[in-house]
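One structure is given below, encoded as structure tokens.
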Amino acid sequence: METSPERRPRGDHTPDTGAPTPAAEPGRPRTERVPHRPTARGGGDQGVPREPGRGHRRGRTNAPARPATVAGRRRRTDVGTGRLFARSTGPDDDPETDGRADPPDPPGRRRVALAALVAAAAASAAVLVAGLPDGSPEPTGRPGAARALSADEADRVAALRVGNLRDVRAGVRVAVGAGGDRVELLGWVDWARPLVYLDVGGPGAGADRGLAQATASTLLVRPDPSALPTPARPPLVPPVDRWRLREPPAGRGLAAVRDLLLSLGADRVDPAGPDGRWLRRETLGGVPVDVVQAPLAGAATPSGGPAPTLWIDPDARLHRLTGRLPDGAPVTVDLVRADRPTLRPVDALGGPPGQPRALTDDEADRLARLPARLRAAGGAAVTVAAPLGPSANLGGAGTLSWAAPSAYLAVSDEDTGRRSLRWIRPGRVAQTPGSPDGPVTPPTPVPTGLLTATARPAADDLDRLVDATLRAATRAPAAAAVRIREDRLADRVVDVVEVPGGRRWWLDRGGLPRRVELRTGRGVWVRLDLTPGRRPGAGPTAAPSAR
């Protein structure tokens, strides 16, 4: 068996001088001889230099090392009994040689002491590593310490949704799914309007990649397949074109995210639920929060699924939510309380809400004179934007005549690319079948197929909007009108005036319409943009046949 350095036989030589090393005294480990160290002045053997923060110690070049002492008292633990041994030094004892008379340590005791030191060092290292900042929440709760909610915590959960509504809006970061199916959304939620405005990205975004705006009943998307995989902050002034109406299945995808975000705001405090659990306390983004698991009124979750986990601060403000959507997909929502700009809905959702008020006398007079001004203008060039449904996002262009009265339009479905022609007169509409080869603008002369098409009543909201615009040349809108806001269109200042029936007239200061809108049953606004001016008769000169 190999002899340890501490148990060398008497007479071993040290490597530096070759001099015999004194034999170890019983119970004392041996040390090697301290090599010769010249002083700064070039002197001979000197004592060990003073260590910073320690008292001066005598240098020993040939004395064996001694066991460490603490404040003149050496403590040992009996392996068999666990009792502590202590030896106090007397006034005549030399602290440098304290412990020389201790009995030798048996090998088993040394191994146990060494194992204890290693375990203590490993535990200390684990604590230090766990305490290093890594940007993640700092848990302070004890694992396995879940308990029922206190009365204060239950009250904060109950007040969470009404607190969100009081704050009006917040920035949101949402992650749905995992891996290659993960969808990431970045933007804002406005609980007061209500409105959600998001940039959609992530590897699982698919056809939804791009921008999205949604109310409680309507979801619009602006697809952008070339967008970066990682979502960015949406532009505060949203683009005006290429918005499409979507109706994804309830409880899935964008519709489920929209429903969850809007459900986080309410106008009254929820009843305090008895089933909540407090999990732990953390610091999230520098804010101390309680992490609780509790049912959230109005939040759509899988039937029978677990309650969401909520990160709530002492003021009952929600900072994070994790859970599952009704289809079972995992979801994480982070609310950024400091990011709360005023949001502008796209035109298809009505645009900015403004501050509705009654018309002034000048505004009411301008609206009353509208029929005469339309007849004097004669007609207008028209562009169409009509998101009528997921498979009927219509656009188009043409002309309109208040003198005829009639409108002649080329209409295309911007999703399928199919185009058709419409000839609209009050109460009657003629239309050619849709075709990918249809004209982009109304051709001249008028195709025979449109002249011989069967006339029918207005079939969709675009027909009804054009019909109402033609009839406005014969009678003024109802007097119970409301001014919604001032706006700008084609570099002109306009007043947006809403009349009964869900129609809006965008009137310039000269009293001519620059846009007419109609609110549909789906919660979107279809519109005609007008450039008034004298036009030759719009469409065919003969009325379509009525059958």
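No experiment lies behind these values; they were computed from the predicted model shown. These numbers come from the heavy atoms of this one structure, side chains and all, not from hydrogens, waters or symmetry mates.
Here D275 contributes atom CG and L149 contributes atom CG; the two are 9.5 Å apart, rounded to the nearest 0.5 Å. Here the OG-CD distance, from S391 to E247, works out to 9.0 Å after rounding to the nearest 0.5 Å. Residue R471 holds its CZ atom at 14.5 Å from CG of L374, rounded to the nearest 0.5 Å. One distance of note links CG of L400 with CG of L409; it measures 7.5 Å at 0.5 Å rounding. For the atom pair L160 CG and L165 CG, the distance stands at 12.0 Å (nearest 0.5 Å). Atoms CG and CG, from L512 and L370 in turn, are 8.5 Å apart once rounded to the nearest 0.5 Å.
No hydrogens or angles considered: a donor-acceptor pair under 3.5 Å links the side chains of D224 and S226. Under the 3.5 Å distance criterion, with hydrogens and angles disregarded, no donor-acceptor pair is assigned to the side chains of R242 and N393. Between R320 and T309, the side chains place no donor N or O within less than 3.5 Å of an acceptor N or O (distance only, hydrogens not considered).
Side-chain contact between T322 and T332: present, with at least one pair of heavy atoms (C-beta onward) separated by less than 4.5 Å. In this structure, the side chains of R169 and T342 come closer than 4.5 Å at one or more pairs of heavy atoms. At least one side-chain heavy atom of D463 sits less than 4.5 Å from a side-chain heavy atom of R456. By the 4.5 Å heavy-atom criterion applied to side chains, V497 and V482 are not counted as neighbours. Looking only at side-chain heavy atoms (C-beta outward), P436 and R419 stay at 4.5 Å or farther from each other. Between L186 and L198, every side-chain heavy-atom pair lies at or beyond the 4.5 Å cut-off. At least one side-chain heavy atom of R515 sits under 4.5 Å from a side-chain heavy atom of D347. Within the 4.5 Å cutoff, the side chain of V526 has no heavy atoms near those of the L462 side chain.
Note on R504 versus E498: salt bridge recorded, some NZ/NE/NH1/NH2 to OD/OE distance being below 4.0 Å. A salt bridge does not link D413 to R418: none of the charged side-chain nitrogens sits closer than 4.0 Å to a carboxylate oxygen. Looking at R514 and D529, no side-chain N of the basic residue comes within less than 4.0 Å of a carboxylate O on the acidic one, giving no salt bridge. By the 4.0 Å N-to-carboxylate-O rule, R366 lies too far from D361 to be salt-bridged with it. Ion pair R509/E363 not flagged as a salt bridge, since none of the NZ, NE, NH1 or NH2 atoms sits closer than 4.0 Å to an Asp/Glu carboxylate oxygen. For the pair E184 and R182, the salt-bridge criterion is met [side-chain N within less than 4.0 Å of a carboxylate O]. Note on D467 versus R425: no salt bridge recorded, every NZ/NE/NH1/NH2 to OD/OE distance being 4.0 Å or above. Note on R161 versus D270: salt bridge recorded, some NZ/NE/NH1/NH2 to OD/OE distance being below 4.0 Å. Between D460 and R422, at least one side-chain N (NZ, or NE/NH1/NH2) sits under 4.0 Å from a carboxylate O, which counts as a salt bridge. A salt bridge is defined here as a Lys NZ or Arg NE, NH1 or NH2 lying under 4.0 Å from an Asp or Glu carboxylate O, and R233 with D199 fails to meet this definition.
For R252, the CZ atom is loosely surrounded, since the number of other residues' heavy atoms within 6.0 Å does not exceed 12. More than 12 heavy atoms of other residues, nucleotides or ligands sit less than 6.0 Å from atom CG of D339. Sparse packing is recorded around CZ of R475, with 12 or fewer heavy atoms of other residues, nucleotides or ligands lying under 6.0 Å away.
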Under the criterion side-chain contact (heavy atoms from CB on, under 4.5 Å), I'd like the reasoning laid out for V496 against R483: C-alpha separation, chi angles, the key distance, then a yes or no. CA-CA 6 Å; V496 182; R483 180 185 182 274; over 6 Å; no

Please assess D461 against R522 for the test salt bridge (charged side-chain N to carboxylate O under 4.0 Å, His left out), listing each intermediate value before the final yes or no. CA-CA 10 Å; D461 288 313; R522 297 178 182 271; over 6 Å; no

Start with the C-alpha gap between R485 and D495, add the side-chain angles, then the distance that decides, and say whether salt bridge (charged side-chain N to carboxylate O under 4.0 Å, His left out) holds. CA-CA 6 Å; R485 66 180 185 271; D495 293 304; over 6 Å; no

What do the steps show when you test W506 against D487 for side-chain hydrogen bond (donor to acceptor under 3.5 Å, both in side chains), and what is the final call? CA-CA 8 Å; W506 295 44; D487 213 316; over 6 Å; no

Would you check, one step at a time, whether the test salt bridge (charged side-chain N to carboxylate O under 4.0 Å, His left out) holds for E282 with R280? CA-CA 7 Å; E282 291 185 2; R280 61 189 179 274; 2.6 Å; yes

Would W243 and V221 satisfy side-chain contact (heavy atoms from CB on, under 4.5 Å), going step by step from the backbone distance to the final call? CA-CA 6 Å; W243 289 94; V221 298; 5.7 Å; no

Evaluate side-chain contact (heavy atoms from CB on, under 4.5 Å) for V176 paired with V174, printing each intermediate quantity in order. CA-CA 7 Å; V176 179; V174 183; 4.0 Å; yes

One pair to check against side-chain contact (heavy atoms from CB on, under 4.5 Å): D365 and R369. What are the steps and the verdict? CA-CA 6 Å; D365 181 68; R369 295 174 178 270; 3.0 Å; yes

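Residue pairs meeting the ring-ring contact (aromatic ring centres under 6.0 Å, His included) criterion with at least one partner in residues 189-209, sequence neighbours excluded, are W188-Y197.
Contact record, Q431 with S420: NE2-OG, 3.3 Å, taken as the closest heavy-atom pair. Residues L421 and P442 approach most closely at CD2-CA, 4.2 Å, considering heavy atoms. When all heavy atoms of A294 and A307 are compared, the pair lying nearest together is C-CB, 3.5 Å. Between L254 and A212, the shortest heavy-atom distance links the atoms CD1-CB, 4.4 Å. Taking both residues in full, the closest heavy atoms of L219 and A255 are given as CD2-N, 4.3 Å, listed atom of the first, atom of the second, then distance. What you find for L211 and P239 is that their closest heavy atoms are CD1-CD, 3.7 Å.
Only one option out of L310, L335, L284 pairs with H319 in a side chain to side chain contact (heavy atoms under 4.5 Å, CB included); it is L284.
Listed by chain and residue number, R193, L195, Q213, L349 satisfy the side chain to side chain contact (heavy atoms under 4.5 Å, CB included) test with P345 (two or more places apart in sequence, or in another chain).
Between the R258 side chain and the T215 main chain, a donor and an acceptor come within less than 3.5 Å of each other. Proximity of a side-chain donor or acceptor of R173 to a complementary backbone N or O of V336 within less than 3.5 Å is not detected. Side-chain atoms of R277 come within 3.5 Å of backbone N or O of A146 as a donor-acceptor pair. When atom types are taken as modelled, the side chain of T283 and the backbone of V287 share no donor-acceptor pair closer than 3.5 angstrom. Side-chain N or O atoms of R337 include one that pairs as donor or acceptor with a backbone N or O of L318 at under 3.5 Å. In this structure, the side chain of D190 engages the main chain of A192 through a donor-acceptor pair within 3.5 Å. Of the possible polar contacts, one joining the T469 side chain to the L465 backbone as a donor-acceptor pair under 3.5 Å is found.
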